[in-house]
Structures are given as structure tokens and as C-alpha cells.
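Report on the following structure.
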Amino acid sequence: MTRHLITSAIPYINGIKHLGNLVGSQLPADLYARYQRGRGHEVLFLCATDEHGTPAELAAAKAGKPVAEYCREMHAIQAEIAKGFGLSFDHFGRSSSPQNHRLTQHFAGRLAEAGLIGEVSEKQVYSNADGRFLPDRYIEGTCPNCGYDKARGDQCENCTKQLDPTDLIEPRSAISGSTDLEVRETKHLYLRQSGLKDQLDAWIDGKTDWPILTTSIAKKWLHDGDGLQDRGITRDLDWGIPVKKGDDDWPGMEGKVFYVWFDAPIEYIACAGEWAEATGRADAEWERWWRTDKGAQDVRYTQFMGKDNVPFHTLSFPATLIGSGEPWKMVDYIKSFNYLNYDGGQFSTSQGRGVFMDQALEILPADYWRWWLLSHAPESSDSEFTWENFQASVNKDLADVLGNFVSRITKFCRSKFGEAVPDGGAYGAQEEVLIADLQARLRRYETCMEAMEVRKSAQELRAIWVAGNEYLQSAAPWATVKEDPERAAAQVRMGLNLIRFYAVISAPFIPTASARMLSAMNTLETDWPTDVDAALRALPGGHAFTVPDVLFAKITDEQREDWQTRFSGTRD
RNA sequence: GGGCCUGUAGCUCAAUUGGUUAGAGCAGAGCGCUCAUAACGCUUUGGUUGGGGGUUCGAGUCCCUCCGGGCCUACCA
């Protein structure tokens with residue numbers, strides 16, 4: 001038995017995430033976690049909200065609430081929605097937790113002792129009206145290159161030229177519009193990751209089985225230009241983890257906090273501590289997942305994330321762990337995703353474009369979304385959501401192929417044999433062929449799931465569902481029942497057992513429907529069907545069941561058009 | 001500007017890493033079945049693999065070039 005530590009990139013706190021965010025990290029991570037649990041492995045699946053940084057402060061101000069209160073509320077909302085989507089986190093933590101405060105300060109202290117922290121004095125733009133330093137992209141002005149009047153301090157969106165905030169003509173705060181800006185001297189800590197370049201390089205070089213998307217981004221950062229650059233890990237903000245050297249104050253760093261990207265990955269570890277606390281476990285219980293000197297040597301750690309997160313997970317976070325000189329568990333596999341686009345453009349949180357998680361659940365159950373998103377996951381390139389494609393896939397795959405299979409066999413049994421698995425007859429040659437076929441198909445499905453080939457796994461699963469319809473078609477119990485009731489009994493018994501079999505293996509994709517199938521089949525037997533022959537005899541003759549309601553209602557053209565219109569604009 | 005990814009059937013995607021005649025699902029066409037959510041099964045139409053050039057016995061795959069889409073480029077996260 002392997003122990004699987006699984007983390008999803010932690011979603012940012014400022015608002016409800018859209019379907020693109022979901023499919024890029026949390027959902028595939030949940031698929032993998034559910035699958036590994038289903039296979040009988042010990043799994044610790046962690047996620048959290050990422051709560052620090054400028055956007056959180058601004059979002060709270062906009063909502064007219066103290067940041068801490070805003071974050072607490074948004075965390076509760078995100079947790080509720082995650083639950084609605086069936087995301088089976090063992091713990092959904094917060095990067096603002098006391099555990100993360102302690103650990104982040106601890107790592108900073110260790111890195112400082114190792115000589116990997118440098119102090120750099122730099123000039124930054126301060127807005128008197130806003131009472132805060134402004135990150136480059138929060139400064140707007142006229143582009144010196146093309147004259148565009150809404151150029152940002154980091155880059156002009158119009159001519160794509162990279163800029164420095166001081167290049168802008170008539171610079172103003174993007175927050176308040178104030179032009180009362182000044183350049184101030186401020187001191188910050190830098191992580192000297194350049195000093196760890198060779199170790200990181202060797203580590204990445206050893207990851208030959210990682211997605212190209214993951215390693216190519218890492219290598220680009222390692223080798224581009226002068227190579228890996230040191231990175232600022234502190235900011236002049238109020239909300240965040242105070243800069244400390246372990247438990248000690250950091251002279252000269254008073255009033256400053258750690259940069260959100262320094263503390264966010266550390267939350268993966270802190271979250272395990274939160275999980276232990278929340279479930280009444282001792283510290284040793286979470287340490288055996290994270291410390292290779294305390295039992296984590298046999299842990300396999302997999303991270304899931306969108307491509308924009310890759311540099312931090314392949315370079316700065318590993319640099320933090322390596323630089324600490326302590327035996328922390330390093331990631332074994334990084335599964336990264338491209339982006340999901342919405343109907344010809346990008347999903348956008350800031351512009352409110354696309355379908356957001358709460359809206360999705362308002363119109364359809366989670367399984368519909370889970371199935372479509374996972375079977376179209378942007379693995380090899382960006383992929384696109386369209387309502388037509390969504391309607392077609394859901395109706396065909398879920399309603400027609402799987403849902404109707406459950407419906408046809410349970411209703412046929414009820415009318416000919418009553419609501420119990422028919423007794424009598426025995427599996428014959430036809431059933432042996434089916435079992436052999438399913439055994440082979442299940443192996444392929446397992447292989448794809450182990451490899452985290454999400455779309456391919458969905459295809460294999462669908463083919464297994466189709467095999468049930470093929471069997472029924474050729475067995476034709478509606479015909480055999482007239483001449484050979486014993487034979488028909490065996491065929492129907494097979495059909496009903498297939499429902500239970502499907503429920504078990506489909507649970508990682510569509511957990512709610514799977515639970516309903518199991519409930520209809522009146523069984524708690526959910527062991528992974530390693531032996532397909534035995535699995536298809538689990539429900540014996542005489543076992544009572546009920547005919548479930550329609551498993552998946554079809555999406556009508558009217559609904560589709562309605563939603564198309566409703567989601568064509570932008571959200572407040 | 002630089003780096004990376006990507007372009008395959010009307011649509012969404014494959015193709016054992018250079019190896020026979022480029023495959024699936026959906027949509028379309030035909031047939032079958034009547035248990036079922038007008039569902040299911042079988043058969044079938046559909047491709048100058050974005051354009052052009054090159055390497056090779058052999059190219060969707062490698063090289064060059066042009067065209068299109070996307071991401072990243074270190075102070076958003």
C-alpha cells in the first residue's frame with residue numbers, strides 16, 4: 001500500500017472561482033484522491049485558501065470589511081462550494097492559520113541561518129492617498145512608447161512593451177486614481193535561490209516523467225538570461241505573516257509581512273498541521289506525511305496546478321525546502337494544466353466572464369460539471385467550453401449511455417422478476433466474454449488513472465459503460481425471457497451487477513450518481529473490483545433493490561439557450 | 001523582443017515518440033432492436049494532418065520558412 005499525499009493549488013481568497021480554476025487544480029486532484037482511496041491506499045488530500053497579498057486587502061476594502069473578517073467569510077463560502085462540487089479534501093485550510101504563521105517564520109529563520117536570505121534596499125512607488133506602496137501593476141499612466149493612457153506599471157497592454165513604473169507619463173494609482181505618488185526607499189528580504197540553482201537544476205533534470213509543460217517552464221526560469229534570479233519574499237502590507245526569524249524579531253523588518261508566494265506553498269505543510277488539530281491528532285500524525293525523518297519516506301506526493309503556478313512549485317518552494325536543510329518531503333510528481341477558455345475567450349475572475357462555481361451548482365448538479373470538465377481537461381493545450389459541447393457530452397455520455405443503462409435494466413427486472421435480483425440460471429459463454437472484456441478494459445482504465453491521464457481515463461470509463469449496453473443488446477433478455485426464463489434471470493442478474501460495478505469504478509468522476517446507484521442497488525460493497533468475475537457476482541439472487549429516479553436528466557435546447565444568454569455578459 | 005506550447009474529419013480529441021491503409025466519440029446517412037430517459041446496438045460517409053520547402057527507404061511526428069491560436073517573461077496571484 002502506498003501513502004498518497006495530494007495537494008491542489010490553493011485558490012485565492014478574493015471571490016468565487018470559475019470553472020477554469022476548478023478544472024486546473026482542485027477537480028483533477030479530487031479525481032486522483034478519490035481513485036487512490038478507492039484502490040485502498042491511504043490518502044491525505046489537502047487544499048486551502050490563499051489569503052494574503054494586495055488583492056485580498058483591496059477586495060476587503062471594497063466589501064467594506066476588515067481583511068480578517070472578509071477572509072473568514074470568503075473561506076467559509078469557498079469551503080461550502082467545494083463541498084457542493086464533491087471535492088473530498090481531508091482538510092480545507094487557510095494560509096492565514098497560526099500553523100502557517102509559525103512555519104513560514106520558521107522557514108525564514110532557517111534560510112537566514114543558512115545564509116540564503118539577503119537584505120536589499122530598493123525604491124518603490126508609494127501612494128499617499130491610498131496609504132500604501134503600490135505593486136507595479138497597480139500603477140497606471142500613459143505609455144511612453146505608444147501613448148496608450150491606461151498602461152500599467154509592469155507592461156503596456158496596448159503595445160506589450162515592458163515598463164518600469166517610473167517610465168509612465170502622468171502616473172496614477174490604479175486603486176484611487178490619485179496622482180499623489182512618491183518614490184520611497186524600502187528594505188526587503190530576498191531569497192537567494194540563485195545559490196541553489198545547481199541543486200534545483202539537478203533535481204528537475206531527474207524528473208523525466210513530468211509533463212513537458214511543467215519541466216519546460218522550470219528550465220526556462222533556471223537557464224534564461226543570467227539564470228535563476230533571487231526573489232523578494234517580503235512586502236510592505238498590513239495583512240500577512242509578520243516577518244520574523246523563527247520566534248525572534250527581525251531588526252529592520254518591523255511592520256513588513258512575507259510575500260504571499262513565500263507563505264502560500266508552505267501552507268501545504270501547515271494545512272496538514274491544521275488537519276491534525278481539527279481532527280484531534282497529535283503532531284506526529286501530520287509529520288509522518290511531511291518529514292522523511294518521521295515516517296514520510298514512503299509517501300508519494302503529487303501536486304496539481306494550472307500552468308501559471310509552475311515556477312513557484314518547481315523552483316521557489318523547493319528552494320525553500322532544500323534551503324532549510326531539514327528533511328522535508330519533496331514533491332514526486334507535478335501535474336499541470338493549461339487553461340480552459342469560455343466560448344471564444346478567457347474565463348476571467350476580474351471581468352466576471354464565464355461560469356463561476358456557485359452559478360454552476362445553481363443550474364445543474366456537480367456530477368454534470370465534473371464529468372464534462374474532467375473529460376475535456378486542458379492537458380495538452382488550452383481547451384474550450386461551449387454550451388453546445390457541454391449539452392451534447394452530458395446528454396450522450398451521462399443520460400444516454402450510463403443513465404439509460406441503469407434505467408433499462410432496473411425497470412425490465414421490476415416488470416419481469418420484481419424488485420430483487422433474479423435467482424436461477426448461470427453465467428455462460430456470453431457472460432465470460434463480457435467479463436474478460438471488462439477485465440481488460442478495467443486494467444486500461446486503471447493505467448490511465450495511475451498516470452493521471454484525465455481525458456483518456458474518461459474515455460476508457462465511457463467505453464466500459466458502453467460495453468454494458470452492447471451486452472444487453474446481444475443478450476436481449478426481453479427476448480430470452482419468453483423462451484428461457486432461467487437464462488433471462490442470469491442475464492438480468494448480470495445487468496444489475498454491472499450497475500454496482502459501474503458505481504464503484506465511476507465514483508472518482510461522478511461521486512453523487514455513484515452513491516445513488518449503490519443506494520438503489522441496496523449495497524455497501526464498494527471494494528475496488530480487482531477481480532471482475534467476482535465483482536459481477538457480488539449481488540446474489542434474491543438481493544432486493546429499488547428502481548432509482550432518472551439518474552441524469554437531459555439538458556434541453558431551451559435550457560441551453562437560456563444559459564447561453566444568461567452567461568453571455570459579465571458578472572457584477 | 002525572447003522562450004515554450006499549439007494547429008489532425010463539421011465539432012471535441014487520439015496516433016505505441018520516425019514505421020503498413022492517420023484512429024475514437026459526437027454530429028450526418030442507412031439498418032436492426034423494442035427492455036429503456038425518442039433511449040440502445042450494428043454498419044457507414046467524412047482527412048492534400050494550417051501553407052510551402054527540406055532530411056529520410058519511410059514524416060502528423062525531425063529541420064527551415066511563412067500563417068493562425070495560446071501561455072510565460074520574475075512586484076497580480
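Lettering of chains follows the sequences in order, A, B, ..., and the numbering in each one begins at 1.
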Is the phosphate of A74(B), meaning OP1 or OP2, less than 4.0 Å from a side-chain N or O of Y259(A)?
no

Can you tell me the distance, in whole Å, between the CZ atom of F312(A) and the P atom of U73(B)?
7 Å

How is P55(A) classified with respect to the nucleic acid when contacts are heavy atoms under 4.0 Å: base, sugar-phosphate, or nothing?
sugar-phosphate

Starting at CG of L237(A) and ending at P of C76(B), how long is that distance when rounded to a whole Å?
12 Å

Assign K396(A) to base, sugar-phosphate, or nothing according to its heavy-atom contacts below 4.0 angstrom with the strands shown.
sugar-phosphate

Counting the atoms with a prime plus P, OP1 and OP2 as sugar-phosphate, which does I409(A) contact under 4.0 Å by heavy atoms, base, sugar-phosphate, or nothing?
nothing

Steps toward side chain to side chain donor-acceptor pair (under 3.5 Å) verdict (W210(A), T314(A)):
CA-CA 11 Å; W210(A) 285 12; T314(A) 52; over 6 Å; no

Given G41(B), C76(B), U37(B), which nucleotide is nearest the side-chain atoms of Y138(A)?
C76(B)

Picking from U37(B), C40(B), G2(B), which would you name as closest to the side chain of K220(A)?
G2(B)

Should the pair E431(A)-R487(A) be classified as a salt bridge under the 4.0 Å nitrogen-to-oxygen rule?
yes

Quick one: label N389(A) by what it contacts on the DNA or RNA (base, sugar-phosphate, nothing), any heavy atom closer than 4.0 Å.
sugar-phosphate

Might you work through the side chain to side chain contact (heavy atoms under 4.5 Å, CB included) test for H52(A) and F258(A), ending with a clear yes or no?
CA-CA 9 Å; H52(A) 300 132; F258(A) 285 108; over 6 Å; no

Categorize G15(A) for me: base, sugar-phosphate, or nothing, with a 4.0 angstrom heavy-atom threshold over every strand shown.
nothing

Interatomic distance where NE2 belongs to H376(A) and C1' belongs to A14(B) [whole Å]:
13 Å

Side-chain-base donor-acceptor pair under 3.5 Å for W221(A) and A74(B)
no

Kindly say if K219(A) contacts the phosphate of C5(B), meaning a side-chain N or O under 4.0 Å from OP1 or OP2.
no

When you get a sec, tell me which of A74(B), A77(B), C76(B) is the closest nucleotide to the side chain of D154(A)?
C76(B)

Report which part of the nucleic acid G232(A) touches: base, sugar-phosphate, or nothing (heavy-atom distance under 4.0 Å, all strands).
nothing

Starting at the 5' end of RNA chain B, which residue's closest nucleotide do you reach first, K554(A) or C413(A)?
C413(A)

With distance as the sole criterion, do the side chain of N404(A) and the base of A39(B) form a donor-acceptor contact below 3.5 Å?
no

Could you work out which one of A77(B), G41(B), A36(B) sits closest to the side chain of K411(A)?
A36(B)

Looking at R137(A), does any N or O in its side chain come under 4.0 Å of the phosphate oxygens OP1/OP2 on C76(B)?
yes

Given C26(B), U37(B), A74(B), which nucleotide is nearest the side-chain atoms of A392(A)?
C26(B)

Using whole Å, what does the distance between atom C1' of nucleotide C26(B) and atom CH2 of W371(A) come to?
13 Å

How is T54(A) classified with respect to the nucleic acid when contacts are heavy atoms under 4.0 Å: base, sugar-phosphate, or nothing?
sugar-phosphate

Need one value for F552(A): base, sugar-phosphate or nothing, where a base atom within 4.0 Å counts as base even if backbone is also close, heavy atoms only.
base

Counting only side-chain nitrogens and oxygens, does R462(A) get under 4.0 Å of the OP1 or OP2 atom of G25(B)?
no

Within the structure shown, what part of the strands sits under 4.0 Å from D397(A) by heavy-atom distance: base, sugar-phosphate, or nothing?
nothing

Residue whose closest nucleotide on RNA chain B lies nearer the 5' end, V466(A) versus S383(A):
S383(A)

Going by 5.5 Å between centroids and 30° between planes, is there a stack of F412(A) over C35(B)?
no

Taking D130(A) first and then R132(A), would you say they form a salt bridge - that is, a charged N and a carboxylate O separated by under 4.0 Å?
no

Distance test, side-chain N/O of K307(A) to OP1/OP2 of G70(B), below 4.0 Å:
no

Applying a 4.0 Å non-hydrogen cut-off, can you work out what V260(A) is touching in the nucleic acid: base, sugar-phosphate, or nothing?
sugar-phosphate

Specify the glycosidic conformation (syn or anti) of U44(B), with syn defined as within 90° of 0.
anti

Would you indicate what Q229(A) reaches in the nucleic acid, counting non-hydrogen atoms under 4.0 angstrom: base, sugar-phosphate, or nothing?
base

Which nucleotide in U37(B), C13(B), C40(B) has an atom nearest any side-chain atom of R455(A)
C13(B)

Take atom CZ of R408(A) and atom C1' of C40(B), then tell me their distance rounded to the nearest Å.
4 Å

Closest of A74(B), C76(B), C42(B) to the L228(A) side chain is A74(B)

Quick one: label E51(A) by what it contacts on the DNA or RNA (base, sugar-phosphate, nothing), any heavy atom closer than 4.0 Å.
nothing

Does OP1 or OP2 of A24(B) have a side-chain N or O of K456(A) closer than 4.0 Å?
no

Taking Watson-Crick and G-U wobble pairs with both distances under 3.5 Å, convert RNA chain B into its dot-bracket string, 5' to 3', dots for unpaired and | for cross-strand pairs.
(((((((..((((.....[...)))).(((((.......))))).....(((((..]....))))))))))))....

